[in-house]
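Each remark here refers to the structure printed beneath this line.
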There are 2 protein chains.
Amino acid sequence: MSANKAESTRTATRSDRGVVAMDVARAAGVSQKTVSRVVNGDPHVSAAVQERVREVIATLGYRPNRAARNLVLGRTRTIGLLSVGTTDYGPSALMVGTEVAVRRAGYSLLVVNTIEEDESLISAALADLVDQGVDGIVINEPVGSFTLPTDLVGDRPVLSLSGHYGISTSEIALDADQPSGGRIATQHLLDLGHRTVHHVAGPSTFRSAALRTIGWRDTLVAAGREVPDVRYGDWTSRSGHAVGAELAADPTVTAIFSANDQMGIGVMRALAEAGRRVPEDVSVVGFDDIPEAAYLARALTTVRQDFVGMAGHGVARLVEAIETPRRQDITESYPISLVERETTAPPPPRGI
Amino acid sequence: MSANKAESTRTATRSDRGVVAMDVARAAGVSQKTVSRVVNGDPHVSAAVQERVREVIATLGYRPNRAARNLVLGRTRTIGLLSVGTTDYGPSALMVGTEVAVRRAGYSLLVVNTIEEDESLISAALADLVDQGVDGIVINEPVGSFTLPTDLVGDRPVLSLSGHYGISTSEIALDADQPSGGRIATQHLLDLGHRTVHHVAGPSTFRSAALRTIGWRDTLVAAGREVPDVRYGDWTSRSGHAVGAELAADPTVTAIFSANDQMGIGVMRALAEAGRRVPEDVSVVGFDDIPEAAYLARALTTVRQDFVGMAGHGVARLVEAIETPRRQDITESYPISLVERETTAPPPPRGI
DNA sequence: CTCCGCTTTGTTTGCGCTCACATCTGATCC
DNA sequence: GGATCAGATGTGAGCGCAAACAAAGCGGAG
């Protein structure tokens with residue numbers, strides 16, 4: 001009975017599920033464990049056996065079952081990415097950089113996007129990742145004020161590309177030096193002779209937006225200049241255009257620092273529509289250095305971040321943390337630089 | 001001995017791996033199978049037991065082990081995405097759309113990017129996905145002429161967002177109607193009175209690029225117009241700028257159809273640098289309708305595709321195919337439309 | 001020539017879960 | 001009131017793999 005049943009079960013299984021290690025073992029005349037050893041590169045296998053097994057694997061088209069391996073190892077060689085679900089350049093670049101680095105390290109990438117700015121949805125997405133059994137997590141989510149649930153993540157290493165969260169006992173927080181970016185942009189405009197600099201900020205829920213704003217404000221305060229009201233956009237050109245229209249109506253505005261390039265594009269359009277020239281009448285500085293920035297009608301002066309490099313560096317450290325676990329809590333800044341192009345110039349002469 | 005050993009093993013396991021269904025079962029005074037039933041929403045569980053088990057699950061923080069479930073089910077509720085690793089709007093939008101749709105369907109998304117145009121690398125990436133045990137595959141890879149390996153994918157359903165590959169016994173090929181896009185753009189320019197239309201194409205390895213070019217050429221031929229040499233870019237503004245410079249130097253050029261908006265931006269810049277105005281001297285039509293298109297100094301006339309909608313529709317069909325397997329081979333086109341803005345106008349008057 | 005220690009290979013076990021089946025309870029019917 | 005049946009719960013097995021342990025083979029030191 002038992003033999004019978006086992007036999008029939010195995011046969012059914014084989015047709016249902018494909019070739020398993022045992023099939024290879026039988027065909028090669030070795031034990032299943034030896035097949036496992038060959039597959040995993042165990043050195044304690046004679047060359048002859050190794051070759052025979054490899055041959056059988058090739059002819060049978062055997063591919064190890066990942067689920068089984070994951071189950072027994074308790075690891076998946078998978079990294080989860082929590083990202084904001086937009087097509088914006090920043091998040092996209094971070095994502096591409098992450099994927100490349102993850103794959104280079106021999107891991108797979110599981111992606112979860114959240115368009116929502118809702119804490120519970122983000123937590124749910126995070127839970128999803130944990131449930132999938134990822135070995136590590138990358139958070140490329142610009143969540144500002146949220147406190148994400150600690151117990152969910154446990155001691156799984158976390159790489160945060162947008163500031164420190166404190167949700168794991170092994171966290172690596174890596175971020176472009178956003179405040180410096182805001183400072184550089186603002187200082188550049190001040191150095192050109194502008195009295196003050198107006199600011200189009202990103203959504204206040206985004207930590208990066210808030211930090212750029214801080215850099216801008218600090219610079220103005222340090223220089224003893226008037227600090228205009230902050231205008232908020234939502235990262236899109238459309239919002240930049242709307243905010244820009246208001247700014248364009250104010251003749252005292254001569255310099256604008258936009259928290260990203262897309263909004264800067266909208267601002268410039270609004271300026272043009274109001275008959276104000278860039279940079280002759282108004283200077284504009286963007287942020288990110290999107291690939292199009294240099295090819296706009298007026299090439300945009302902007303602050304460059306190395307998204308891909310940052311993601312790559314961060315993932316490398318994350319993998320390190322996964323493979324040699326330890327408690328750690330690192331926070332690092334990534335350098336940032338100004339790219340001067342055509343949209344900034346000294347202010348127009350004033351009648352004073 | 002066995003009891004002893006089992007006990008110690010279990011204890012070690014518990015501390016290593018966390019809470020498992022058996023722990024919940026013991027705490028709730030039911031069998032492990034009943035816990036499984038509750039977790040999976042089996043209706044044949046009394047309300048009382050259900051509630052008790054749920055409570056224990058919550059207090060113990062039990063989360064089912066995905067690997068174990070995958071192993072026994074032979075399915076992962078995971079979909080793999082093979083995408084081109086760029087930050088371009090099209091691929092990004094397709095990816096976001098895919099992710100959202102996949103998650104809505106209760107699946108997870110495994111992403112593999114390939115920047116390379118190397119067939120073997122793409123095949124390797126595909127193999128990676130299959131090894132991970134994905135239930136279905138989305139190919140958002142603009143590979144033109146490659147014949148991807150059939151045996152790898154087997155009968156796993158495939159959704160192709162870039163044409164038909166014939167690599168699975170259950171394939172859904174969905175694509176924006178690229179030739180129509182090329183036709184609409186070209187016809188629009190012809191209708192405005194231009195004698196012919198010059199074309200900046202995407203890389204020839206991209207199927208979508210080739211199809212847009214076909215639409216363009218067909219329209220010119222049908223109208224009996226001269227068909228200028230195709231100029232090739234690489235989708236970037238930089239390449240558009242380079243090609244645009246050549247075109248700008250030719251005074252007979254009055255209309256340009258660019259295979260994407262980014263290259264269109266570069267073309268317009270080159271035109272401006274050569275002192276040729278858009279649209280007074282030269283008309284430009286782009287492709288994709290990136291979010292910035294409407295906010296450029298000259299709002300770009302372009303061909304709009306609904307990336308997100310297409311991905312969502314396609315994924316829905318893919319999930320359908322996964323859940324009720326059948327042999328199929330569907331090819332569908334997704335509609336496309338012209339968005340007329342400021343960069344197209346009748347040609348300048350000629351001295352004839 | 002024996003014993004030790006090394007490498008190579010096999011056997012057994014269990015990872016955590018779901019399925020098929022067995023069992024038990026209580027209600028329903030004539 | 002006992003046969004019947006439906007629903008609720010438990011039992012045993014096995015998914016495919018790798019770890020621990022055991023056994024066999026082999027060479028060299030004494």
Side-chain angles (χ1 to χ4, degrees), chain A residues 1-26 28-50 52-53 57 62-77 131 133, chain B residues 1-26 28-53 62-77 131 133:
Chain A
M1 174 203 101
S2 87
N4 227 350
K5 185 169 169 190
E7 199 47 52
S8 74
T9 302
R10 194 179 307 129
T11 309
T13 296
R14 193 181 293 168
S15 66
D16 284 10
R17 299 260 199 143
V19 184
V20 300
M22 196 59 207
D23 298 329
V24 174
R26 260 192 291 270
V30 298
S31 74
Q32 179 261 318
K33 177 63 207 180
T34 298
V35 175
S36 164
R37 275 193 262 256
V38 171
V39 168
N40 293 306
D42 188 313
H44 300 300
V45 179
S46 71
V49 170
Q50 207 164 115
R52 189 146 40 92
V53 171
I57 286 177
Y62 168 68
R63 320 204 124 248
N65 181 313
R66 215 53 153 256
R69 175 181 280 167
N70 291 346
L71 176 59
V72 64
L73 292 181
R75 297 200 8 178
T76 58
R77 283 193 85 79
D131 281 349
Chain B
M1 175 203 107
S2 88
N4 227 349
K5 186 171 173 190
E7 198 48 52
S8 74
T9 304
R10 194 180 306 130
T11 308
T13 296
R14 192 181 294 167
S15 65
D16 283 11
R17 299 263 199 143
V19 184
V20 300
M22 197 57 209
D23 298 329
V24 175
R26 259 191 290 270
V30 298
S31 76
Q32 185 261 331
K33 176 63 206 179
T34 297
V35 174
S36 165
R37 273 193 264 258
V38 171
V39 168
N40 293 305
D42 188 313
H44 299 301
V45 179
S46 71
V49 170
Q50 206 164 117
E51 191 179 349
R52 189 148 38 95
V53 171
Y62 167 67
R63 322 206 122 248
N65 181 313
R66 215 54 152 256
R69 174 182 281 165
N70 291 346
L71 175 59
V72 62
L73 292 182
R75 297 200 4 175
T76 57
R77 282 193 86 79
D131 281 349

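None of the values given here were measured: they were computed from a predicted structure. Naming convention: chains lettered A, B, ... in sequence-line order (proteins, then strands); numbering from 1 in each chain.
What separates CG of A/Leu73 from P of D/dA20 is a distance of 11 Å, to the nearest Å. Put simply, CZ on A/Arg52 is 11 Å from C1' on C/dT9, counting in whole angstrom units. Between the CE atom of B/Met22 and the P atom of C/dG16 there is a distance of 12 Å, rounded to whole Å. One can place CZ of A/Arg69 at 16 Å from C1' of D/dC15, the figure rounded to the nearest angstrom. Rounded to whole angstrom, the span from the CD atom of B/Gln50 across to the C1' atom of D/dG7 amounts to 14 Å. If you take CZ of A/Arg26 and C1' of C/dG10, they are 15 Å apart, rounded to a whole angstrom. B/Asp131 places its CG atom 15 Å from the P atom of D/dG16, with the value rounded to the nearest Å. Separating the CZ atom of A/Arg63 from the C1' atom of D/dG16 is a distance of 16 Å, rounded to the nearest angstrom.
We find the CD-CZ distance between A/Gln32 and A/Arg26 to be 10.5 Å, quoted to the nearest 0.5 Å. Atom CD of A/Gln50 is separated from atom OG1 of A/Thr34 by 11.0 Å, given to the nearest 0.5 angstrom. Considering NZ of B/Lys33 and CG of B/Asp42, their distance stands at 7.0 Å, rounded to 0.5 Å. A distance of 8.0 Å separates CG of A/Asn40 from CG of A/Leu73, quoted to the nearest 0.5 Å.
Across all non-hydrogen atoms, the minimal contact from A/Pro64 to A/Val39 is CG-CG1, 3.7 Å. A pairwise comparison of heavy atoms in B/Ala28 and B/Val53 identifies CB-CG2, 4.2 Å as the closest pair. Across all non-hydrogen atoms, the minimal contact from A/Ala67 to B/Asn70 is CB-CB, 3.7 Å. The shortest heavy-atom contact between B/Tyr62 and B/Val19 is CD1-O, 3.5 Å.
Residue B/Lys33 has its side chain nearest to C/dC19 when only C/dC19, D/dC17, C/dC17 are considered. Proximity note for B/Ser31 (side chain, C-beta onward) versus D/dG10, D/dA18, C/dT8: the nearest is D/dG10. Distances from the side chain of B/Ser46 to the nucleotides D/dA8, C/dC19, D/dA18 place D/dA8 closest. Here the nucleotide nearest the side chain of B/Leu71, chosen from C/dT9, D/dC15, D/dG10, is D/dC15. The B/Val20 side chain lies nearest to C/dG16 when the options are C/dT18, C/dG16, D/dC17.
Looking at B/Arg37, its side chain comes within 3.5 Å of the base of D/dG10 through a donor and an acceptor atom.
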Look for any protein N or O under 3.5 Å of an N or O in nucleotides 23-28 of chain D and output each such pair with its distance, or none.
none

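Non-hydrogen atoms lying under 4.0 Å from DNA chain C are contributed by A/Pro43, A/His44, A/Val45, all within residues 38-45 of chain A.
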Could you write out DNA chain D as dot-bracket? Rules: Watson-Crick or G-U wobble, both distances under 3.5 Å, brackets [ ] for crossings, | for pairs with another strand, dot for unpaired. ||||||||||||||||||||||||||||||
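At least one side-chain heavy atom of A/Arg52 sits under 4.5 Å from a side-chain heavy atom of A/Val30. Side-chain atoms of B/Leu71 and A/Asn65, non-hydrogen and from C-beta on, do get closer than 4.5 Å to each other.
At least one side-chain nitrogen or oxygen of A/Ser36 sits closer than 4.0 Å to the OP1 or OP2 atom of D/dA18. Not one side-chain nitrogen or oxygen of A/Thr34 sits closer than 4.0 Å to the OP1 or OP2 atom of C/dT8.
When each of B/Ala68 and B/Val49 is assigned the nucleotide of DNA chain D with its nearest heavy atom, B/Val49 is the one assigned upstream, toward the 5' end. Nucleotides of DNA chain C nearest to B/Gln32 and A/Gln32 differ in position, and the one nearer the 5' end is that of A/Gln32.
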